[in-house]
Structures are given as C-alpha cells and as structure tokens.
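Note that ligands are numbered from 1 as they come in the structure, with each ligand's atoms numbered from 1 the same way.
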Amino acid sequence: MLTLVELYQEISRCHRCELAKHRTRVVPGEGAEDAEVVFIGEAPGWHEDQQGRPFVGAAGKFLDTLLASIDMCREGVYICNVIKCRPPENRDPSPQEIEACQGWLDKQLDLLHPRIVVTLGRYSMARFFPGESISRIHGKEYRRGGVIYYPMYHPAAALHQQKLRQIIEADMLRIPLLLSESETENTCEPEPEPEQLSLF
Ligand code: URA
C-alpha cells in the first residue's frame with residue numbers, strides 16, 4: 001500500500017491530461033493523515049497553482065473561517081480537489097480531465113478512509129452524485145459503506161452571494177453532529193467473532 005507522500009510523488013509526475021502542460025505546480029492535497037473529515041473542492045486556482053497547496057486564495061480563507069466555526073482547522077482535516085492541476089484561466093474542468101484525474105482521488109480516499117467526505121461545489125458533488133443538483137442535495141447526508149457523503153456549496157460561490165453564504169455556514173455547522181453520529185454508528189456495529197474472521 002502506498003503512503004500519502006509516495007502518492008504525492010506519483011501525482012507530481014502525472015501527465016494523464018493536457019493540464020500538466022500548463023501547471024506551475026501540482027496540487028495533490030494536504031492535511032492530517034488520520035483525518036476523519038475530507039473536503040473535496042473543484043480544481044486549483046492561480047494561488048494554489050503557485051503554492052502547490054489547496055484552498056489558499058480567497059475561497060480558502062473563507063473555508064478556514066468555516067472550519068473555525070466548528071472548532072476545526074485545516075491541519076486537523078484533509079483538503080483536496082477533484083482535479084490536481086489548474087485549468088488555464090480557471091475554466092471549468094472538462095469531463096476528460098475529470099476522468100483522467102479520478103484515480104488519484106480514489107487512491108487518496110482509500111489511504112485516508114475518512115468518516116465524512118464533504119464535497120464542495122458542483123464538480124465535486126457530481127463525482128459522487130452524478131446527475132444531482134446541488135441546490136437540491138446540499139446539506140443532506142448520504143451514508144454508503146460506513147462513510148457519510150455530505151454535499152455543500154463551494155466556498156467561492158458563497159463569497160459573492162450573501163444568501164449562499166448563510167446556507168454554507170449553516171450546512172457547515174452540521175458536520176460535528178454528523179461526526180458524532182458516525183462514531184456512534186461505527187461503535188455500535190457488532191465486532192465479528194474471531195472464528196468468523198478466520199473463515200475468510
Ligand atoms: N477552489 C477549489 O475548488 N479548490 C482550490 O483549491 C481553490 C479554489
């Protein structure tokens with residue numbers, strides 16, 4: 001099994017799509033290796049491309065504020081994007097680019113196995129809920145395979161629209177509750193008997 005650092009090295013050599021030609025730095029993601037909550041944004045912007053770190057521009061500052069509102073900080077969670085390289089002029093990522101990058105996010109989630117996956121914005125939501133609409137499913141949790149998937153609006157969208165700002169702030173405040181529910185659910189699952197384990 002790869003470590004996160006080994007995975008970052010692989011991602012930094014990636015040339016699976018055209019975005020590799022335009023990037024200054026790859027932005028694989030960052031945060032705690034044992035993070036219980038993973039936030040997945042869309043794609044790096046200019047600041048992220050320069051620094052090789054996710055959410056370090058204006059949207060990132062707002063994400064920090066949102067994390068502080070639930071007594072969390074970026075060092076205690078994990079933050080990454082669907083796309084690891086900046087699309088030129090911050091255009092939307094193409095379906096081909098999203099598909100090319102998909103394996104990296106899958107590997108990250110395999111390594112982290114978080115309790116909660118928070119999707120930020122439409123592209124991240126679509127990765128887990130294809131065909132859904134963010135206005136319909138934001139702030140509602142979905143449980144799959146012991147993981148809670150929780151779609152939220154993108155912090156950048158909320159920067160320009162006061163109404164969305166209030167919605168994203170309210171959705172964020174539900175995360176501690178979801179976390180404690182997920183702890184209870186997982187502790188309540190019956191441990192398999194040792195004899196049963198040896199059957200496999
Ligand atoms: N927006 C994103 O979706 N990701 C970043 O890393 C920065 C801005």
Exercise. Roughly how far, to the nearest 0.5 Å, is the CD1 atom of I79 from the CZ atom of R53?
Worked result: 8.5 Å
Exercise. Given the side-chain rings of F55 and F39, with only the six-membered ring counted for Trp, is the space between their centroids under 6.0 Å?
Worked result: no
Exercise. Taking heavy atoms and a distance under 4.0 Å, where does E42 meet ligand 1: side chain, backbone, both or neither?
Worked result: both
Problem set entry | Distance-only N or O hit between ligand 1 and A59, under 3.5 Å | no
Exercise. Less than 4.0 Å between a side-chain N and a carboxylate O, is that true for R23 and D49?
Worked result: no
For this session: Indicate whether the side chain of D171 and that of Y153 have a donor and an acceptor atom separated by less than 3.5 Å.
Result: no
Problem set entry | For atom 4 (N) of ligand 1, the protein heavy atom that lies nearest, with its residue and separation | N81 OD1, 2.7 Å
For this session: Kindly indicate whether a cation-pi arrangement holds for R127 with Y149, taking the cut-offs as under 6.0 Å to the six-membered ring centre and within 45° of the axis.
Result: no
Exercise. Are any of the heavy atoms in H154 under 4.0 Å away from ligand 1?
Worked result: yes
Problem set entry | Within reach of ligand 1, part of S124 (heavy-atom separation under 4.0 Å) | neither
Seminar exercise, completed: ligand 1 to G41, heavy atom cutoff 4.0 Å, flagged ligand atoms 3 (O)
Problem set entry | Carboxylate-amine/guanidinium proximity below 4.0 Å for R143 and E181 | yes
Seminar exercise, completed: Note: H47, heavy atoms under 4.0 Å from ligand 1, region reported as neither
Exercise. Do any nitrogen or oxygen atoms of A43 come within less than 3.5 Å of a nitrogen or oxygen of ligand 1?
Worked result: yes
